[in-house]
There are 2 protein chains.
Amino acid sequence: MDTRPIGIFDSGVGGLTVVDKVFRLLPNENIVYFGDTARVPYGNKSKETVTRFSKEIVKFLSSFKVKLIIVACNTASSLSLGALKKAFSIPVIGVIKPGVEEALKTSKTGRIGVIGTERTISSSAYEKEIESTGRNSFVIQKSCPLFVPLVENRWLSGDITLKIVRKNLAPLLARNIDTLILGCTHYPLLKKAIQKIAGEKVRLIDSSIAVAKYTKHLLDNKNLRGNTGKTYAKFFVSDDTEGFIRLAKVFLRRNIKAKRIVF
Amino acid sequence: MDTRPIGIFDSGVGGLTVVDKVFRLLPNENIVYFGDTARVPYGNKSKETVTRFSKEIVKFLSSFKVKLIIVACNTASSLSLGALKKAFSIPVIGVIKPGVEEALKTSKTGRIGVIGTERTISSSAYEKEIESTGRNSFVIQKSCPLFVPLVENRWLSGDITLKIVRKNLAPLLARNIDTLILGCTHYPLLKKAIQKIAGEKVRLIDSSIAVAKYTKHLLDNKNLRGNTGKTYAKFFVSDDTEGFIRLAKVFLRRNIKAKRIVF
């Protein structure tokens with residue numbers, strides 16, 4: 001039994017989708033979350049910058065004696081996971097590998113689509129991960145840079161949103177994918193619109209569920225599971241807490257407290 | 001005669017619209033530009049955070065012995081101009097006042113619309129500036145949070161862009177404005193789409209032209225104009241230089257060099 005907390009971070013609020021799944025699947029774990037809301041988004045920033053930010057955050061989370069770090073941000077997972085693993089001795093989990101494993105289990109035809117931010121897609125992290133499994137598959141990728149602003153402004157449905165989703169998914173759907181990885185923490189909030197455009201035959205992979213399952217598996221394997229007593233969840237952000245607390249209520253369906261931290 | 005450079009900063013590339021106008025109107029001035037591309041955008045961040053970032057940047061620009069600072073970013077002008085003026089002895093110019101003066105000169109009916117980022121609009125900086133002039137006018141404001149991602153992804157025209165512009169401008173047009181302040185450095189790049197939806201009767205105010213005129217006026221008044229010799233323009237960014245250099249070519253129609261700076 002190991003009561004040390006799990007550290008989870010994201011460029012902003014999106015990683016709360018992962019927190020939500022960890023709450024459900026691992027209710028006996030303590031959590032420390034950091035959202036880099038002063039420097040959000042990461043999706044169009046360079047590898048060097050995202051890695052610098054990620055290292056600062058892992059250093060901060062380490063001060064809580066975390067037993068494990070989950071990089072909930074797909075961009076940071078794509079660009080910086082290797083560097084984090086090299087720089088820190090704590091186990092670090094990204095969202096790419098769990099998402100890929102789930103997609104390979106789900107897909108029947110092996111025709112897998114991946115959508116994500118500009119930098120996630122240009123890094124080809126998903127494509128490389130799928131290739132590394134040696135499984136017979138066809139991967140087609142597409143960055144959807146307007147999806148994050150749509151979610152952040154709560155344009156989750158309606159004519160304009162559907163048009164933007166259709167325009168972005170068209171090249172993937174034309175290649176007959178049967179599985180679509182939602183490669184950004186924001187995208188699950190557009191699930192309904194995406195499913196509507198993609199059709200019921202295309203299965204959507206929400207990395208947040210996959211990463212929570214993967215974390216459970218890892219904790220079991222390493223004998224690091226938490227206790228069954230009272231747990232805590234601490235939330236930190238780099239910008240003001242007001243908007244974060246409001247959105248956290250939507251993501252987690254509970255009231256939380258949060259604190260601003262400036263590095 | 002004063003050959004010290006003018007310092008200009010923005011959250012990212014948008015401030016290059018101001019650099020372009022300063023190049024044209026003040027060809028004998030040296031320029032040092034900083035774009036905070038690692039932390040862009042500012043438009044949805046808190047006053048405290050934007051002020052902290054702005055102070056760091058002004059401190060950096062001060063190391064070049066600038067004679068004047070132009071805050072090219074409307075959000076930073078709205079939230080942080082007062083704090084910068086208080087903290088530094090160099091003259092600091094924002095984009096709000098010049099934009100307002102131009103709008104008041106242009107408007108015949110006094111019915112003025114203002115569009116900008118979430119934080120610019122919620123600060124009511126434009127409204128307060130117009131009120132402070134004591135001029136008889138009616139101001140209506142609207143934040144357009146999707147305009148910046150549209151510009152950054154080069155969706156400058158087309159069906160979806162026009163629909164988004166129409167949806168955002170509708171409440172302003174319903175109030176019969178005759179003048180519209182483009183209260184964000186990115187918006188001039190959407191000028192064609194905005195003019196198309198607003199109609200030819202609505203005059204668009206591009207703050208970048210107004211602030212360059214204002215700067216010229218101030219330099220003349222304080223006897224701070226530069227020499228007629230060879231000038232330089234230095235560009236610094238906080239993220240990688242590649243994308244910035246590419247966009248600078250679009251904004252300035254010339255090739256520039258840039259350097260990355262980490263505070």
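So that the names make sense, note that chain A is the first sequence line, chain B the second, and so on, each numbered from 1. Computation of the quantities below employed the complete heavy-atom set of this structure, encompassing side-chain atoms and omitting hydrogens, waters and symmetry-equivalent molecules.
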Quiz item: Of the backbone (N, CA, C, O) and the side chain (C-beta and beyond), which part of A:E152 lies under 4.5 Å from a heavy atom of chain B, both, or neither?
Solution: side chain
Self-check item: Side-chain heavy atoms of A:K196 within contact of A:V165, under 4.5 Å
Solution: no
Practice problem: Could you tell me which of B:D159, B:I164, B:T49 has the largest number of non-hydrogen atom pairs under 4.5 Å with chain A? | Solution: B:T49
Quiz item: So which heavy atom on B:G94 is nearest to which on B:V211, and how close?
Solution: O-CG2, 3.7 Å
Practice problem: Name the region of A:K47, side chain, backbone, both or neither, that has any atom closer than 4.5 Å to a heavy atom of chain B. | Solution: neither
Self-check item: Note, B:I197 side chain near B:L173 side chain (heavy atom, < 4.5 Å)
Solution: yes
Self-check item: Separation of A:L162 CG from A:W155 CH2 (nearest 0.5 Å)
Solution: 12.5 Å
Quiz item: Using non-hydrogen atoms only, which part of A:Y42 is less than 4.5 Å away from chain B: side chain, backbone, both, or neither?
Solution: neither
Quiz item: Which heavy atom in A:I160 sits nearest to a heavy atom in B:K167, and how many Å separate them?
Solution: CD1-CD, 3.9 Å
Quiz item: Under a 4.5 Å heavy-atom cutoff, which of B:V40, B:L150, B:V148 has the most pairs with chain A?
Solution: B:V40
Practice problem: Using non-hydrogen atoms and a 4.5 Å limit, figure out which bit of A:D240 sits close to chain B: side chain, backbone, both or neither. | Solution: both
Practice problem: Mind ranking B:V50, B:T37, B:L146 by heavy-atom pairs under 4.5 Å with chain A and telling me who comes out on top? | Solution: B:L146
Quiz item: Does the side chain of A:K249 come within less than 4.5 Å of A:N255's, by heavy atoms?
Solution: yes
